[in-house]
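See below for the structure under consideration.
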Amino acid sequence: MFVVLRDLLRYNGEFLAGILMTGVVVAMALLSFVSPYPPLDQFVAPMDVPPSAAHWFGTTSRGQDLFWLLTYSIRNTLAFGLLVAILSRILSLSIGLLAGYRGGWVDRVLMSINDTFIVIPLFPILVLFYFVMRDNMSWVMLAVLTALLGWSYDARLIRSVALSLRHREFTQTAVFSGMRTHEILSREHLPFVLPIVFSTSLNNMNWSIGLEVTLAVLGFTDINRPSVGGMIYWANQHSAVVAGVWWWIAFPVGLVVMLFIGLYLLAISMNEYIDPRSRLERGGGRKE
Amino acid sequence: MRAYARYAFGRFLQFLLVVFIGINIAYIITHATPIDPVEHTVSVATAFGHTAPEAIESMRQSLRELYGLTGSPIEQYLNFWRRVLVADFGPSLSAFPSPVSTLIGRAIPWTVGLLGVATILTWIIGNLLGGLAGYYRRSRLLKGFGIVAMALHPMPYYIAAIILLIVFGYLWPILPISGGSQMNVARGWSSEYILSVARHSMLPLLSLLLVGLGGWFVGMRSLVSNVVTEDYVVYAELAGVSKRRILTAYVMRNAIAPQVTGLAISLGHVFSGALITERVFGYPGIGSLLVDGVHAGDYSLVLGVTTVSIVGVSLAVLVIDLIYPLIDPRVTVS
Amino acid sequence: MSAAMRNPAAKPETADGPVVAVRDLRAWYRLRLFGVDREVKAVDGITFEVRKDEIYGLAGESSSGKSTLVKTIAGAMRPPLEIVGGEIQFSFMDGTMGLNRAPADLVERVRWRHLSYVMQGSMSVLNPVRRIGTSFFDFAFRHMGLDKAGFEAAVVAHLARVNLPASVLKAYPHELSGGMRQRVTIALATICRPQFIIADEPTTALDVVVQKDVLAMFRSIQREMASSVLFVTHDMGVHAHLTDRLGIMYAGRLVEEARTPDVFARPRHPYTRHLIHSLPRIGDDRPRSGLEGTPPSLANPPSGCRFHPRCAFATERCRVEVPPMEQVAPDHRVACFEKDRVEATP
């Protein structure tokens, strides 16, 4: 494990950049625990102060310190992404492994359902959900629904790996030694798919965070809970760009963009590590 | 031919399944919530100003019918389906008495036009550049483009749109940032109107393009760099088949098939992105309609847009599936 | 119209000169992975020639370097494989490096017209999304100097020669059986009537009955066109039936070469003897003796004669000196210090 990490850091610039960018964002989220301001308080700082020594990222028109508010927001946003990733992993792992291992009609039925969820446009459905729930909607409910709708793409990937494992010798050995399906899947196959589970969860986090930011910006989430999208929503409500309070938009957007790129770079460098073909290409490419 | 018919039938069944599951999700969301949408809508509608109690009562009654909350659960469910199948979502509450179907019908050409042009352009440009980058691995220009595309790719549509809005709306205002066409230009097939529509589409189009390109670029680049090592490409090179034909008919042609499947898979995502982009730039498509509907508490409009979106996207996917055998002749066999 | 007129680079063919002459050819894989250099000497000093109108066989176990040798001659090298030294001379073009350093336009003219290639793994050499007819057009049309109708007639006539109906032109590769696909690739490689055809394990993937059929057809086409063929396979049985002369490769070097019947009747190199003796024979049910040890690593080959660690005849000299290829009879060359002792041993 340590060697893998060292190799990645030494030979893979993308991994290094990804670690750095994600690291900054996570550090920011951790800072929220030592914030001098409670997250929901308003008018605790002077309004519309540009970035300065006292207020690093400036303050909002609602009298909040942008830097410390952002620490809470990014923490909540990360928590949302993590929750969706964990919940949807459970679904995509069990469905992907089962479809790949059982094959036949089980595979066909599960993949038909899977393809259905891939095709259905999620945004209108989430908006409909908000429309029905209105103020009763919490971020956990949104995360659960997002996970329920967002497992399908990764399930397909996991299935294709499981499909190739199915014909390997150790699977046959396990079958003949009388292991049950769920035992084979959890003990024999899970370790093989874990690396790709890891890289797909990073992509999944990117996707769900993007969705949450978008919904929040439109005001379709719990707007009183600080989140990156929520900050942009309030900035828009106060016409921040027109009023010249550019930092209110620029810092949240900048931070979340950093998170997107960081997670994405981590995901692709993971993928490269998993797929030896592209690794070899990198080795050969050095010679050019 | 018979193989194709079997394949097409299978894809058609998949289309029906998508619509079936999608509509059921919409049904569950609207009917299994702990909140009474009727009371909620009434309270929203009566929040401003005074409304006579009789009016409220008649509103409540018609809302119950509208939401399909009258009759037994089975009747409610069948009723829901009947309205979907005949595309009758009743009158819009916010633009009463215009029927929802009229509002959607007016907005759809905008969305289909923007989304269609954006998707096709993105797909073609992304795959072309990605394919070239995979084939000519040493080109610095294409390598640089790859880095830019990789940075843009993970961006959600909203963020890209708002960055463009700030750049072109405030820092360098050369393009219109809102609306579908200029207010004072009459609709019709005049060059002035078409030009105005084109100018207004530029920013939404550009934001869809910027976010979309990266995915196709990166995907096609890695597909091509795998295909060039395939035996049939190496063999054609050994036979002295011309470089250009190898690139087009051997490399690109084989790498493009998974990208067509990818297009079908990503359509739902792209569609969601287009709805958001419309909203940012005030583009008069169904994305703006959806958001306005939510703000106005217009249930039938929101449900109508959701349903039409599900059916529309699955229909587009079906079309791609049906033409796919032209790209990859092997698919009808397996 | 003669080949020389059509191709200004082509030399007039001499009556009995070799179609290709390879002299002291060395081709190595040079790898740099994570900062470590590795050299794999897959072809290390090989000299032989293929004469006009003959099938020259190349035998040896997998990883003996025969595929690398063939790639080098066919100009199919990709980095990290590179030519380190030696010459390749074709009768139909100038230059001593064969196709490898010739100008691109010349290479494009020579390929398929004068030299064609039946690649290993022929199941996958046809573009899966292109009809067979289009592939013929891509590969051969510009070499044939015919109009479209004439070209199609020529293709159909040539397909008949390999017992394929004209309807395969409309088919996609996946619609054909393995044997048919193999015939298509052979037809594709022979349609321009090239002087020199390289065939690398062309029948390995086929089942035995189809294989026999395809080989017979290959032989008849070669006879008819009087082409020269370099035929590579590890299958000694195929060599016995098909080839005129046979070269045996071991660990990147040629160890013996003779007319095929002589190789089978009077092998002089211990490794060749082992190959022949391990062939099953009807009525002979003695257990076959296996070869001890493992094939050498080409990244770190044994010193001297590369076969010495596995050789029953090896002496101290074999460990130190590289045995040269020496003529022992007409058309019979061997690289072994102990060749006389080998021959004397029953």
Side-chain angles (χ1 to χ4, degrees), chain A residues 14 112-113 115-136 145 148-149 153 156 203 206-207 209-215 217-220 229 232 236 241-242 246 249-250 253 256-257 259-265 267-268 275 277-278 281 285 288, chain B residues 13-14 17-18 20-22 25-26 29-30 33-35 37 40 44 137-138 150-151 153-159 162-163 165-166 169-170 218 222 225-226 264-269 271-273 275-276 279 286-287 290-291 293-295 297 299 302-303 305-307 309-310 312-314 317:
Chain A
E14 280 131 27
S112 284
I113 296 172
D115 291 354
T116 302
F117 277 91
I118 285 180
V119 165
I120 290 176
L122 293 184
F123 184 71
I125 288 185
L126 291 174
V127 169
L128 182 69
F129 181 64
Y130 166 76
F131 182 83
V132 175
M133 299 303 291
R134 293 276 170 180
D135 304 338
N136 301 64
L145 187 69
L148 282 178
L149 297 171
Y153 196 80
R156 193 165 250 294
N203 278 328
N206 246 354
W207 167 81
I209 290 175
L211 211 55
E212 197 249 6
V213 168
T214 305
L215 287 170
V217 166
L218 297 172
F220 294 168
I232 303 171
N236 283 341
V241 175
V242 182
W246 54 267
I249 295 246
V253 168
V256 82
V257 163
L259 176 63
F260 288 134
I261 296 179
L263 286 176
Y264 177 68
L265 288 178
I268 56 167
D275 180 12
R277 191 149 51 160
S278 56
E281 208 169 81
E288 291 182 353
Chain B
L13 285 185
Q14 178 69 39
L17 185 71
V18 176
F20 180 76
I21 292 185
I25 292 175
I29 285 177
T30 48
T33 56
I35 298 123
H40 192 94
V44 170
R137 296 211 70 120
R138 282 165 214 214
M150 248 162 59
H153 172 53
M155 217 73 75
Y157 287 99
Y158 182 84
I159 298 289
I162 200 164
I163 290 174
L165 185 75
I166 290 172
Y170 302 97
V218 174
S222 74
S225 50
N226 284 336
I265 284 176
S266 72
L267 220 51
H269 180 66
F271 178 80
S272 297
L275 296 192
I276 296 152
R279 171 64 189 172
I286 63 174
L290 178 71
V291 176
V294 175
H295 287 311
Y299 172 80
V302 173
L303 186 63
V305 170
T306 308
T307 319
S309 305
I310 293 168
V313 171
S314 11
V317 171

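The basis for the numbers below is simple: all heavy atoms, side chains too, and nothing from hydrogens, waters or symmetry mates. Throughout, protein chains are lettered first and strands after them, A, B, ... in sequence-line order, and every chain is numbered starting at 1.
- Contacts between B:Ile310 and chain A at a heavy-atom distance below 4.5 Å involve backbone atoms as well as side-chain atoms.
- Heavy atoms of A:Asn236 lying under 4.5 Å from chain B belong exclusively to its side chain.
- The aromatic rings of B:His153 and A:Tyr264 sit perpendicular, their planes meeting at an angle over 60°, well past the 30° parallel limit.
- Most heavy-atom pairs under 4.5 Å with chain A, from the set B:Ser309, B:Ser272, B:Gly268: that is B:Ser272.
- When the candidates A:Asn206, A:Leu218, A:Leu126 are compared by the number of heavy-atom contacts under 4.5 Å with chain B, A:Leu218 comes out ahead.
- Residues passing the ring-ring contact (aromatic ring centres under 6.0 Å, His included) test with A:Phe117, sequence neighbours excluded: A:Trp151.
- Only the side chain of B:Val317 comes within contact range of chain A, with heavy atoms under 4.5 Å apart.
- Between A:Ile120 and B:Val18 the shortest side-chain heavy-atom distance falls below 4.5 Å.
- Counting heavy-atom pairs closer than 4.5 Å to chain B, the top residue among A:Ile125, A:Val256, A:Leu148, A:Val253 is A:Ile125.
- Annotation: the span from B:Tyr158 atom OH to A:Phe123 atom CZ amounts to 10.5 Å, rounded to 0.5 Å.
- Contact detail for B:Ser314 and A:Val119: the closest heavy-atom pair is CA-CG1, 4.1 Å.
- A heavy-atom distance below 4.5 Å is found between the side chains of A:Tyr153 and B:Ile265.
- Looking only at side-chain heavy atoms (C-beta outward), B:Phe271 and A:Pro124 come within less than 4.5 Å of each other.
- Interface residue A:Ile249: only side-chain heavy atoms are found under 4.5 Å from chain B.
- Heavy-atom distances place no part of A:Trp246 under 4.5 Å from chain B, backbone and side chain included.
- Using a 4.5 Å cut-off on side-chain heavy atoms (C-beta onward), A:Val127 and B:Leu275 make no contact.
- For the atom pair A:Phe129 CZ and B:Thr30 OG1, the distance stands at 12.0 Å (nearest 0.5 Å).
- In terms of heavy-atom pairs under 4.5 Å with chain B, the best-connected choice from A:Ile209, A:Leu263, A:Leu265, A:Thr214 is A:Thr214.
- Proximity to chain B (any heavy atom under 4.5 Å) is shown, for A:Leu211, by neither the backbone nor the side chain.
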- Task: Please lay out, stage by stage, how A:Phe220 and B:Val291 fare under the test side chain to side chain contact (heavy atoms under 4.5 Å, CB included).
- Result: CA-CA 9 Å; A:Phe220 294 168; B:Val291 176; 3.8 Å; yes

- Task: Mind running side chain to side chain contact (heavy atoms under 4.5 Å, CB included) on B:Ile25 and A:Leu149 for me, showing each step along the way?
- Result: CA-CA 10 Å; B:Ile25 292 175; A:Leu149 297 171; 4.0 Å; yes

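- Looking at every heavy atom in both residues, B:Gly293 comes nearest to A:Phe131 through O-CE1, 3.9 Å.
- Neither the backbone nor the side chain of B:Leu267 comes within contact range of chain A; no heavy atom of the residue lies under 4.5 Å from a heavy atom of that chain.
- With a 4.5 angstrom heavy-atom cutoff, A:Ile232 touches chain B only via side-chain atoms.
- When heavy atoms are compared at a cutoff of 4.5 Å, A:Ile268 approaches chain B solely by way of its side chain, counted from C-beta outward.
- Contact of A:Val213 with chain B is made through the side chain alone, with heavy-atom distances under 4.5 Å.
- At least one side-chain heavy atom of B:Leu303 sits less than 4.5 Å from a side-chain heavy atom of A:Leu128.
- At a 4.5 Å heavy-atom cutoff, B:Ile286 makes no contact with chain A through either its backbone or its side chain.
- Heavy atoms closer than 4.5 Å to chain B are found in both the backbone and the side chain of A:Asp115.
- For A:Thr116, the side chain to side chain donor-acceptor pair (under 3.5 Å) test picks out B:Gln14, with sequence neighbours left out.
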